[in-house]
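The sequence lines fix the lettering, A, B, ..., with proteins before strands; numbering per chain opens at 1. Computed from heavy atoms alone, side chains included, the values below leave out hydrogens, waters and symmetry copies.
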Amino acid sequence: MEVPIAFLVGVLFASGLYLMMQRNLLRFVFGLLLLSGSVNVLIFTAGRLTRGLPPIIPGGLDAPVGAVANALPQAVVLTAIVIGFGLIVFTLVLLLRVYERLGTVETDELGPALARSEDRTEEAS
Amino acid sequence: MSVLVVAPVVLPLLSAALLLVLRGRRELQRVLATGATAALLVVAAVLLAQVRSQGILAVQFGGWPAPFGITFVADHLAAIMVLITAVMALASALYALRDIDPEREARGYHPLVQVLLAGINGAFLTGDLFNLYVWFEVLLIASFVLLTLGNRRAQLEGGIKYVSVNLLSSMLFLTAIGLLYGLTGTLNMADLALALPQQDAGLVTTIAVLFMVAFGIKAAVFPLFFWLPASYHTPPIAISAFFAGMLTKVGVYALIRTFTLLFVADVGYTHTILLWVGGLTMVTGVLTAAAQSDVRKILSFHIISQIGYMIVGLALYTPLALAGAVFYLIHNIIAKANLFLIAGIARRLTGSFDLDRIGGLFKAAPFLSALFLISALGLAGIPPLSGFWAKLLVVLAALEVANWWIAGVALGVGLLTLFSMTKIWQYAYWSPLPEGARLATRPSRLLYVPVVGLAALTLLLGLWSQPLISLGDAAAAELLDPSRYVAAVFGEGAPAVPSGVGSEGGAP
């Protein structure tokens, strides 16, 4: 099962990086989303995949019996999802602000838009 | 004891929570934020003293023994970095009292700085790779908001570059963590130090290079530095100065940590790359700086150039070189941040950061000129200031292993740094004020307090450098002997580090 998932991660990574190299910053964010998703799948796969074996310790014992799913990648991925969520939301808000203040989300036009704007020089202190 | 190791993280987090609750009560926030930063300085000093007397300290969270729980480790390097963070935090907090406008304060400047501090200290102290990622994200998100706080157009435009490149770096970092976990089944750094020598060297080196790229972006090394000069000049000076001093150095710290503790199996390959990267970083940074006319941009490119020296210190991988890298870190954080703060005061006097539009500072503000000279000459490495010893150690280390070209490059870049600093001196201080421009009224005396303090530190570290050099030696000795780190984490009866790890030398 690991091999097809590894290929899936590869495809997701490539698509994410392709989108991140676009000029439109919104596509950059979509690329970031794909990339962060594919990294999570990668970590999950790195912990080896098992099906239907919940890591539950039977009552009265100190350790699970037999082979069980690896719980650590799940905890790591959960943390990474939450962090990724926060970062993506911040990036989206930043993009919205950029669009409001500079009127564009095209990377090529950000510099000229800034040069045209009046508060290009440092703010008054 | 265990409280002491986590205190540099817990204290800022608690202050951040308290400051959030006190939103809108500006005076109270200012007093509390300054007080909390001063308390952090005390805690950090006590921590370093403890590490000095007792060796490496380790704490296991929740009582889970390593490698199962999350570990915090304070060795010499981590404790030194925590202390310098606290020093810089206090300097920028004092400066911020007169520099940050009420609107930014109302929008959460104070709690954000505390979160940033917690993230930085967490990154220095953690002994777990995934936990390092988490602290990196904590400090990143705080720095994102601080950088764009105020919504100026220039800030937003710079912020986009800063955010996008740093997020890409985080993704690469996380990927490398995932692959390393898949390979070894552990994320505890001490455990990894034990497990990695038994793995396939080629795979480990591949992952090592992925880490190098991820941390290289954060440390702003050649050719991954372009986000830094695009963004660091946009926020207010109190924020710029702290970023310029500290943030890239967290990346440098992560490089030093991983490439002394974890990826030492193929030093001839990885550290040779680092040596080239370090050399090119020094040269490109200093040459691009020469072409700028905005003081903040000149200084930003010099951040990059100076990072090169630290990377070279790591790449040479000898006790003297690593001690030099540690000394360089401390010296550079102080001198660089101070130059930003001085540029901020000069801007208040002259109304601009642009060298073509300012002048006459030597006549108008002789005291500020003296402070600038101390920091600028310190940065360039003129004796008896701190930069001289920092450069001397790195150059000596290069000569020691007969690496003539890197020693030559280091000296040449020092000369070019001096050229850049005299350029600022020439235009901003010596030349007369341009036609039509006039000097503003004298800025608040409080702004001078942190600047004088940091300039005094630069002078002190130059005239009385032995304590810091011996600290650097102690840190280097620990870094080159990972078994001490491993023993501290696993406590008594620690498994032995396999041979091949911790052997000294092997410089490329």
Look only at the side chain of [X] and the backbone of [Y], and say whether a donor-acceptor pair between them is shorter than 3.5 Å.
X        : Y        : answer
B:Tyr95  : B:Leu341 : yes
A:Gln22  : A:Phe28  : no
B:Arg153 : A:Ala115 : no

Among [options], which has the most heavy-atom pairs under 4.5 Å with chain A?
options                                : result
B:Ser170, B:Gly150, B:Gly178           : B:Gly178
B:Leu140, B:Val163, B:Leu156           : B:Leu156
B:Leu167, B:Thr148, B:Ile177, B:Leu183 : B:Leu167

Exercise: do [X] and [Y] side chains pair donor with acceptor under 3.5 Å:
X        : Y        : answer
B:Tyr162 : B:Ser143 : yes
B:Gln199 : B:Thr184 : no
B:Ser169 : B:Lys218 : yes

Heavy-atom proximity to chain A below 4.5 Å, by part of [X]:
X        : answer
B:Val145 : both
B:Phe130 : side chain
B:Ser164 : both
B:Leu179 : both

Legend entry - Heavy-atom pair count under 4.5 Å with chain B, highest-scoring of A:Val29, A:Val77, A:Thr79, A:Thr107: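 Highest number of heavy-atom pairs under 4.5 Å: A:Thr79.
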
Legend entry - Proximal component of A:Phe44, with respect to chain B [non-hydrogen, under 4.5 Å]: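 For A:Phe44, neither part sits under 4.5 Å from chain B.
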
Inset, instruction - Check whether A:Leu110 gets within reach of chain B through its side chain, its backbone, both or neither, counting any heavy atom under 4.5 Å. - result: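 Its backbone and side chain both get close to chain B.
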
Inset, instruction - Take atom CZ of B:Phe61 as the centre, draw a 6.0 Å sphere, and report whether it contains more than 12 heavy atoms from other residues, nucleotides or ligands. - result: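 Correct, the count exceeds 12.
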
